[in-house]
Amino acid sequence: MKKILVTGALGQIGSELIMKLREVYGADQVVATDIRKKEADPVVDSGPFEILDVTDGNRMFELAKTHQVDTIMHLAALLSATAEAKPLLAWNLNMGGLVNALEAARELNCQFFTPSSIGAFGPSTPKDNTPQDTIQRPTTMYGVNKVSGELLCDYYYQKFGVDTRGVRFPGLISYVAPPGGGTTDYAVDIYYKAILDGAYTSYIGKGTYMDMMYMPDALNAIIALMEADPSKLIHRNAFNVTAMSIEPEDVAAAIRKHIPTFALSYDVDPVRQAIADSWPNSIDATAAMNEWGFKAEFDLEKMTEDMLTKLRGKLLQQVG
Ligand code: SER
């Protein structure tokens with residue numbers, strides 16, 4: 001992995017992954033692309049940036065060719081709640097973008113990464129300690145996209161020898177770019193509201209467990225997987241990874257260690273609750289640990305402390 005093209009570079013993962021990749025591999029080695037350009041954004045200002053609509057396969061190929069990349073990281077996608085509201089758009093964008101990115105990787109002989117999700121599981125999947133290899137019959141459009149994506153990436157590996165690799169991310173928590181349209185986003189919103197209002201009303205119900213991970217662990221996981229010795233990989237698309245299985249009350253309790261008066265209430269959104277209920281409570285990441293040494297550094301307590309400190313700094317700066 002020497003020269004990398006990233007799609008969805010201004011999104012939730014991209015905003016931080018670009019900066020991390022530029023730190024590790026050099027600023028000019030990472031070509032950030034997104035459908036829009038933001039003024040005065042660290043991603044845009046710190047290295048090469050190109051406008052790219054991922055449904056435009058020709059442009060994706062041309063950009064990858066012109067910049068002579070050897071790796072494509074395809075992040076551009078709609079998240080679960082948005083995909084449920086606009087299923088056809090989600091199919092066209094999520095699957096169309098993926099197949100364009102895989103084609104560019106095939107033609108230019110690039111290594112390839114795209115994230116899958118806990119959304120690739122469904123109601124008939126074992127809910128606790130969900131195994132790496134198990135039933136995948138998701139009932140959301142996002143989940144259908146993710147399972148299809150996993151299969152398509154395996155197909156490109158088996159049929160064309162493209163070095164495709166992926167992880168099933170849990171909900172990702174970060175203070176940098178806010179997520180948009182996800183089901184796990186409550187676990188990000190809650191920190192903003194804790195600092196700004198001292199209270200949060202959760203759209204996900206009490207006792208609803210989902211896996212989560214702090215963004216620094218997610219970025220390290222991507223790099224570790226891409227650098228992993230291929231001869232050690234039994235699986236490819238995609239590895240279960242997680243750092244914690246939590247419900248809203250757990251996050252509230254962790255926040256109260258820093259903000260003792262923090263108040264949590266509920267106003268459950270039936271659409272996102274149904275999505276959450278169809279996903280696992282906790283997934284088993286043993287295959288990722290054994291095959292490429294996956295390890296998460298942040299548990300709920302450590303993440304909460306860091307998140308509150310960093311977010312306070314960011315919000316203060318915005319006010320100032
Ligand atoms: N965070 C994503 C979502 O909630 C799951 O992959 O849609």
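Remember, it's 1-based here, ligands and their atoms both numbered in the order they're listed.
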Decide whether the shortest distance between a heavy atom of Trp279 and an atom of ligand 1 is less than 4.0 Å.
->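 Per 4.0 Å heavy-atom rule, Trp279 contacts ligand 1.
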Any link between Phe112 and Leu233 through a network of hydrophobic side chains (Ile, Leu, Val, Met, Phe, Trp, Tyr) touching at under 4.5 Å?
->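 Phe112 does not cluster with Leu233.
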Geometric cation-pi criterion, [X] with [Y]: 6.0 Å, 45°:
{"X": "Arg256", "Y": "Phe262", "result": "no"}
{"X": "Arg272", "Y": "Tyr203", "result": "yes"}
{"X": "Lys159", "Y": "Tyr155", "result": "no"}

Considering only heavy atoms, which of Pro115, Gly171, Ser80 lies nearest to atom 3 (C) of ligand 1?
->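 Selected option, by shortest heavy-atom distance: Ser80.
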Counting non-hydrogen protein atoms only, what is the nearest one to [atom]? Give residue, atom name and distance.
{"atom": "atom 1 (N) of ligand 1", "answer": "Thr184 OG1, 2.8 Å"}
{"atom": "atom 4 (O) of ligand 1", "answer": "Thr183 N, 2.6 Å"}
{"atom": "atom 6 (O) of ligand 1", "answer": "Ser117 OG, 2.6 Å"}

For Tyr142, counting its heavy atoms only, list the atoms of ligand 1 lying under 4.0 Å from any of them.
->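 The atoms of ligand 1 under 4.0 Å from a heavy atom of Tyr142 are 2 (C), 5 (C), 6 (O), 7 (O).
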In terms of atom number and element, which parts of ligand 1 are under 4.0 angstrom from non-hydrogen atoms of Gly182?
->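 The atoms of ligand 1 under 4.0 Å from a heavy atom of Gly182 are 3 (C), 4 (O), 7 (O).
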Thr208-Gln273 side chain donor-acceptor pair, cut-off 3.5 Å |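 Checked: Thr208/Gln273 side chains pair up, N/O donor to acceptor below 3.5 Å.
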Please check if any side-chain donor atom of Thr201 sits under 3.5 Å from a side-chain acceptor atom of Ser265, or the reverse.
->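 Present: a donor and an acceptor within the cut-off.
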